[in-house]
**Student:** 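Handing you this structure, nothing more for now.
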Amino acid sequence: MKGGEAVRVRTEISDCAEDEVVIRCRERTDSTDAIESSIKRLVGMLSKREMVLYSSNAEYYIPFCEILYFESNDGKVYAHTSRSVYTTDRKLFELGEMLPPNFVRVSKSTIANIDLIVSLRREVVGNGEIYFKNSEKKTYFSRGYYKDLREKIQEMRLR
Amino acid sequence: MKFFKEIRLSKIFWGLGFILLAVFLLLNAFGVMTPVLNVIGGVSVLQVILGLFLISFIISRIIRLRFTFILVPLSLLFMVFETNVAFVLGMEDENIINNWLLLGCALLVSIGISILTPKSIKFRKKFKDGKGTTKHNQFGSHAIYIDCAKFAEQMIYNYLGEYTVHFENTEHFTGGALLNVYNKLGSVVIYVPREWNINEHIDNNLGDVSYSGQSDENGPTLILSGSNELGEIQIKFI
């Protein structure tokens, strides 16, 4: 697998005892190593369904499905659930790499959980607001991230 | 009626203002307004536009019970319609009073009133004392996270922007803290835990202060103070 070459991605259904991901290649290269480590990280994250967050000097184990969005502000990164605000010791770019694929960057300072998005409200200038299911909270998306955000939302929903 | 409840008062005010202006311009273009305007000595379109804006500003100050600088727009209004006033009063000289003298006097009286007004002195003292911290936002979108472990007093100033207020470490909140919000032509959203009680006395001027959700009257109290001029403050209990 040489750098820049297209890689086929397919899923095979078989009678194997447990699910596995196999990378089939002609030789091991930097690209295959990168794909392998990415898949391992992703599989690890998907198997862990909770995240360690902090509030009032206490640790909380919050399921991903409850986190609406992450926002960086004044050097700290905050995680929002519908009722609470927590902090995390991770940087936003680290979260971008390790979070499940339903967490999508929506602005320079925000990563949102698209599974919980109920509405996007776009303004004339291109930026807009994001509303979440069963929550009074809203956050904002930037014009530059709107196209990707909308595509990813549409991939996961029927039209 | 539900429609009018859902949109804020300032929007109704400015919306109707612009519609009335458009109606006036159309009627004027067809010459319908000419006989009416001639009664008061002929009023130009520019005078009407300036007059409407000045009257709007004066009304907003009166509603807010703040008369400090009301004399300045009043004198400007007089300057705009000076010839018409002279015409209605039957005076031959259109120049009733020197405009610069009138404006200067209005400004001096306003400065005098602002110095004598206790509210003004109190506001300046707060800044000098440096109680709490002040966060500013102009035009942009900004969020502030108030740490309840250290929260006693906080001032936020928002001008034509969108400001979001969150509270973190809410378990440490014992009540009695003061949040001063000064919002001009902008939007402020404050997310308050529903276990808290709110004691709100925001000075609202042609804007909208709205609530959503339920609070606990027996919970620790957050004091909300400040002013809202032609803007929107939403208090959401989460």
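Just so you know, these numbers use all the heavy atoms, side chains as well, and skip hydrogens, waters and symmetry mates. So you know, we letter chains A, B, ... as the sequences are listed, proteins then strands, and number each from 1.
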**Student:** On a heavy-atom basis, which atom in A:Ser56 and which in B:Asn169 lie closest, and how many Å separate them?
**Tutor:** N-OD1, 2.6 Å
**Student:** Taking only heavy atoms into account, what residues of residues 127-139 of chain A are found under 4.5 Å from chain B?
**Tutor:** A:Glu129, A:Glu136, A:Lys137, A:Lys138
**Student:** Give the minimum heavy-atom separation between B:Ile238 and A:Ser82, together with the two atoms involved.
**Tutor:**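 Answer, listing the atom of B:Ile238 first, then A:Ser82: CB-O, 3.9 Å.
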**Student:** Does A:Glu123 CD have over 12 foreign heavy atoms under 6.0 Å away?
**Tutor:**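 More than 12 within 6.0 Å, yes.
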**Student:** So which part of A:Tyr86 gets closer than 4.5 Å to some heavy atom of chain B, the side chain, the backbone, both or neither?
**Tutor:**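 No part of A:Tyr86 comes within 4.5 Å of chain B.
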**Student:** Restricting to non-hydrogen atoms, name the atom on B:Ile144 and the atom on A:Asn73 that form the minimum distance, rounded to 0.1 Å.
**Tutor:**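 Looking at all heavy atoms of both residues, the closest pair is N-ND2, 4.5 Å.
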**Student:** Determine whether more than 12 heavy atoms belonging to other residues, nucleotides or ligands lie under 6.0 Å from atom CZ of A:Arg90.
**Tutor:**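 Result for CZ/A:Arg90: open.
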**Student:** Measure B:Ala143 against the heavy atoms of chain A and call it side chain, backbone, both or neither at under 4.5 Å.
**Tutor:**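 Backbone plus side chain of B:Ala143, per the 4.5 Å heavy-atom cut-off to chain A.
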**Student:** Which distance, rounded to the nearest 0.5 Å, do you find between the NE2 of B:His172 and the CG of A:Asn57?
**Tutor:** 5.5 Å
**Student:** Just verifying a value: how many Å separate A:Tyr78 OH and B:His166 NE2, rounded to the nearest 0.5 Å?
**Tutor:** 10.0 Å
**Student:** Side chains of B:Tyr145 and A:Lys76: closer than 4.5 Å at any heavy-atom pair?
**Tutor:**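 Contact flag for B:Tyr145/A:Lys76 side chains = no.
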**Student:** Counting only heavy atoms from other residues, nucleotides and ligands, does the tally under 6.0 Å from CD of A:Glu151 exceed 12?
**Tutor:**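 Check passes, neighbour count above 12.
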**Student:** How about A:Arg143: does its CZ atom have over 12 heavy atoms from other parts shown lying under 6.0 Å from it?
**Tutor:** no
